[in-house]
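The block underneath contains the structure these notes are about, expressed in structure tokens.
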Protein chains: 2
Amino acid sequence: MSSSDSIPGLPPGPAPRATIADVAREAGVHASTVSRALNPATRGMVTEGVAQRVAEAAERLGWRPSALAAGLRTRKSRTIGILVPDLVNPIFPPILHAVETLLAGQGYATLMANTANDPAREALLIERMATHLVDGLMLASAAAGTGALDLCARFGIPAVLINRRMPAGCGATSAVTNDDHGGIGLAVAHLLALGHRRIAHLAGPEGISTAMDRLSGFRDALAAQGLDPDAAPILHAGAYTAAAGQAAMAALLAGPRFTAVAVANDMLCLGTYDALAAAGLRVAADVSVTGFNDMPFVDRICPALTTVRIQHAAMGRQAAEILLAEMADPALPRRDIRLVPELVCRASTAPPNPDAPCP
Amino acid sequence: MSSSDSIPGLPPGPAPRATIADVAREAGVHASTVSRALNPATRGMVTEGVAQRVAEAAERLGWRPSALAAGLRTRKSRTIGILVPDLVNPIFPPILHAVETLLAGQGYATLMANTANDPAREALLIERMATHLVDGLMLASAAAGTGALDLCARFGIPAVLINRRMPAGCGATSAVTNDDHGGIGLAVAHLLALGHRRIAHLAGPEGISTAMDRLSGFRDALAAQGLDPDAAPILHAGAYTAAAGQAAMAALLAGPRFTAVAVANDMLCLGTYDALAAAGLRVAADVSVTGFNDMPFVDRICPALTTVRIQHAAMGRQAAEILLAEMADPALPRRDIRLVPELVCRASTAPPNPDAPCP
DNA sequence: TTGTACGCGTTATCAG
DNA sequence: CTGATAACGCGTACAA
């Protein structure tokens with residue numbers, strides 16, 4: 001009975017896919033021999049001549065192993081999932097790109113999904129990935145607490161965090177993040193060196209680890225220079241969006257005076273530029289602005305943004321490497337990688353202008 | 001502290017996945033009944049009470065169906081693949097985002113991969129997706145001919161093209177593209193209305209359908225106004241990158257004079273800006289520039305780019321809808337959707353300046 | 001070195 | 001309406 005016979009009850013598929021049994025028949029060997037001959041790990045168990053015959057037969061029939069059948073047997077899908085909050089946020093594509101490239105090189109397929117920062121959606125997607133038996137999961141979106149990690153644990157899926165850390169104590173998961181604390185310090189040091197003393201901080205949304213780390217880095221950097229962090233104007237934006245940045249910056253401008261602002265995120269800077277323009281202030285000339293991320297094209301905006309560059313690609317690559325390593329050996333100690341950022345000086349910062357308008 | 005670190009009574013470590021047989025035992029029915037009760041399509045075949053008991057048992061055991069086992073049986077993985085040339089190119093994230101969102105809503109998982117515009121890599125990735133038994137494939141990267149589509153046909157995988165069309169005659173595949181021909185016409189009409197008569201075209205790489213369509217649209221738009229297309233300076237960039245744009249623009253500037261340039265792609269415009277600056281020319285004031293795509297943040301560059309806006313998200317959404325429809329009914333006629341673009345006027349275009357320097 | 005036998009978890013079919 | 005049974009395609013102890 002040939003496997004290409006139509007199976008009663010199943011719709012007549014257009015493609016009569018060859019199975020391992022077909023290859024076995026074609027090569028004049030048994031199916032298990034085919035399996036051994038074609039699996040690199042077990043090729044040694046078979047005679048050179050047989051291996052060749054099998055390979056030729058497989059080629060002739062255009063046979064492709066079914067990852068589903070193999071996975072069902074091995075409990076491994078050679079598939080890895082990655083969850084990002086919002087693909088349209090330009091910091092994620094480079095990460096995703098690096099991840100996919102590395103995983104593809106190791107023979108893994110990448111299952112991608114957007115959570116839209118919605119915990120319920122995130123949970124649903126994780127379940128779906130569990131259903132698809134992903135071998136590992138990369139979370140760039142675990143903003144809303146430990147729910148996602150709990151799910152991974154329940155499904156027994158190895159996980160790694162990207163650009164996010166859980167609160168201290170929940171350290172059972174590796175994370176690859178940027179050194180946000182030190183990064184914002186670079187920006188503050190730069191502003192101080194330019195002569196600024198009244199520096200504001202436009203912080204990210206409360207509860208997000210990058211926002212908290214950058215805020216504390218900002219305060220510590222001021223304190224290190226003998227300035228009082230409590231005297232600095234500080235405001236949290238509602239989200240990492242241009243609109244939220246504009247609103248927050250407008251509010252900041254209504255408060256105590258400052259000559260420079262260290263912003264927690266490039267996207268917020270776009271709104272910051274708008275708010276300054278609306279207030280009749282010039283970036284750099286009247287108020288210096290620093291960003292964070294060095295996302296694509298901020299070197300092209302007007303004026304070019306001085307910002308803290310994150311190693312996006314390295315982040316994705318390292319996270320993927322760590323995940324693969326922990327999949328191979330779950331007993332491996334968890335890691336907490338902080339990549340070191342770098343300040344990129346452009347045109348949005350300048351010495352304080354004593355003649356600047358009000359703020 | 002995680003809530004799931006230990007379930008009392010169960011051994012810690014790798015999660016003991018429940019199977020359908022466990023649920024059947026728990027609910028006191030047969031495995032087939034469980035399958036029927038939990039599958040929305042067959043729920044009607046079981047008693048209400050039984051369905052409820054089964055659902056509860058499944059919930060109690062935390063059972064998740066194995067997509068692998070189900071797929072092995074049904075020959076459907078509820079997974080769809082999407083190939084993009086380069087995730088870092090900002091036109092793709094919105095497309096991918098829209099695709100994933102729509103597919104997720106229909107219960108599909110999205111397998112994503114970068115081809116890096118490498119046909120060999122593309123072929124490998126398609127094979128891998130075939131291996132994973134994707135139910136359909138979306139190709140945003142079929143630049144190098146019909147090889148990809150041949151593979152899909154051989155594996156019997158329904159496919160849809162995004163932002164790319166095959167040469168006429170290869171029309172066995174649906175495609176969702178932008179109306180590139182008409183789109184560049186909008187840009188040319190705008191430049192003509194401003195008073196420009198010597199308009200150049202910085203074209204995209206030869207052999208890419210978007211580049212060819214935009215080029216012919218450019219020529220037709222000139223001809224429609226009684227201008228001679230053959231007199232217009234035209235040069236192909238080597239790739240859709242800023243660097244290629246800069247090189248091509250520099251070459252264009254060395255040729256016959258023009259007061260405006262319709263560029264085939266926003267990314268090329270970035271290089272165009274550089275080349276103009278290097279030649280001591282001001283964008284808009286000396287040479288008007290139009291782009292194509294309206295990719296993120298070109299409204300923020302200096303000067304803000306006048307460009308042709310593509311409906312990226314709609315492109316992804318429509319393509320996904322078409323793919324799902326054709327998967328459901330392969331006999332459906334193939335479609336060739338052209339989305340209509342829109343001109344966005346910003347600051348990179350102005351009336352011709354008679355006093356401009358040389359070009 | 002190769003063949004045999006079985007199981008991975010699910011669904012389709014047929015019998016009751 | 002439900003139970004029993006047989007695939008789906010492959011990997012792998014175990015036997016030969």
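Nothing here was measured: the structure is a model prediction, and the numbers come from that model. We name chains A, B, ... by the order of the sequence lines, and we start the count at 1 in each one.
The side chain of B/S32 places no N or O atom within less than 4.0 Å of a non-bridging phosphate oxygen (OP1 or OP2) of C/dT11. Contact annotation: B/H30 side-chain N/O to D/dA4 OP1/OP2 distance is under 4.0 Å. Contact annotation: B/T33 side-chain N/O to D/dT2 OP1/OP2 distance is not under 4.0 Å.
Note on A/R75: only backbone sugar-phosphate atoms sit closer than 4.0 angstrom, heavy atoms only; bases stay farther off. Nucleic acid contact for B/V29: sugar-phosphate only, since backbone atoms but no base atoms lie under 4.0 Å from a heavy atom of the residue.
The CD1-P distance, from B/I20 to D/dG3, rounds to 12 Å in whole Å. We find that CG of A/L72 is positioned 13 Å from C1' of C/dC6, with the value rounded to whole Å. Atoms CG (A/L38) and P (D/dT12) sit 14 Å apart, rounded to a whole Å. Atom C1' of nucleotide D/dC10 and atom CG of B/L133 are separated by 13 Å, given to the nearest angstrom. Distance B/D22 CG to C/dT10 P: 9 Å, rounded to the nearest Å. In this structure, B/R25 places its CZ atom 14 Å from P of D/dG3, rounding to the nearest Å. Atom C1' of nucleotide C/dT11 and atom CG of A/L68 are separated by 14 Å, given to the nearest angstrom. Taking atom CG of A/N39 as the reference point, atom P of C/dT2 lies 15 Å away to the nearest angstrom.
Side-chain proximity of A/A69 to the nucleotides D/dT2, C/dT11, D/dG9 is greatest for D/dG9.
Comparing A/A31 and B/M45 by the nucleotide of DNA chain D whose heavy atom lies nearest to each, the residue mapping closer to the 5' end is B/M45. Where B/V50 and A/S35 each meet DNA chain D at their nearest nucleotide, the meeting point lying more 5' is that of B/V50.
B/I126 has its side chain within reach of B/L137: a pair of non-hydrogen atoms, C-beta onward, lies under 4.5 Å apart. With contacts defined as side-chain heavy-atom distances shorter than 4.5 Å, the pair B/V99/B/I80 does not qualify.
Checked by distance alone, B/R73 brings no side-chain donor or acceptor within 3.5 Å of a matching partner on the base of C/dA12. Below the 3.5 angstrom threshold, one finds a donor paired with an acceptor across the side chain of B/R36 and the base of D/dG3.
Partner of B/S174 under the side-chain hydrogen bond (donor to acceptor under 3.5 Å, both in side chains) criterion, out of B/E326, B/Q318, B/R335: B/E326 alone.
One finds a salt bridge joining A/E100 and B/R121 here, because a Lys/Arg side-chain nitrogen approaches an Asp/Glu carboxylate oxygen to under 4.0 Å.
Summarising the geometry, atom SG belonging to B/C152 is positioned 5.5 Å from atom CD1 belonging to B/I157; distances are rounded to the nearest 0.5 Å.
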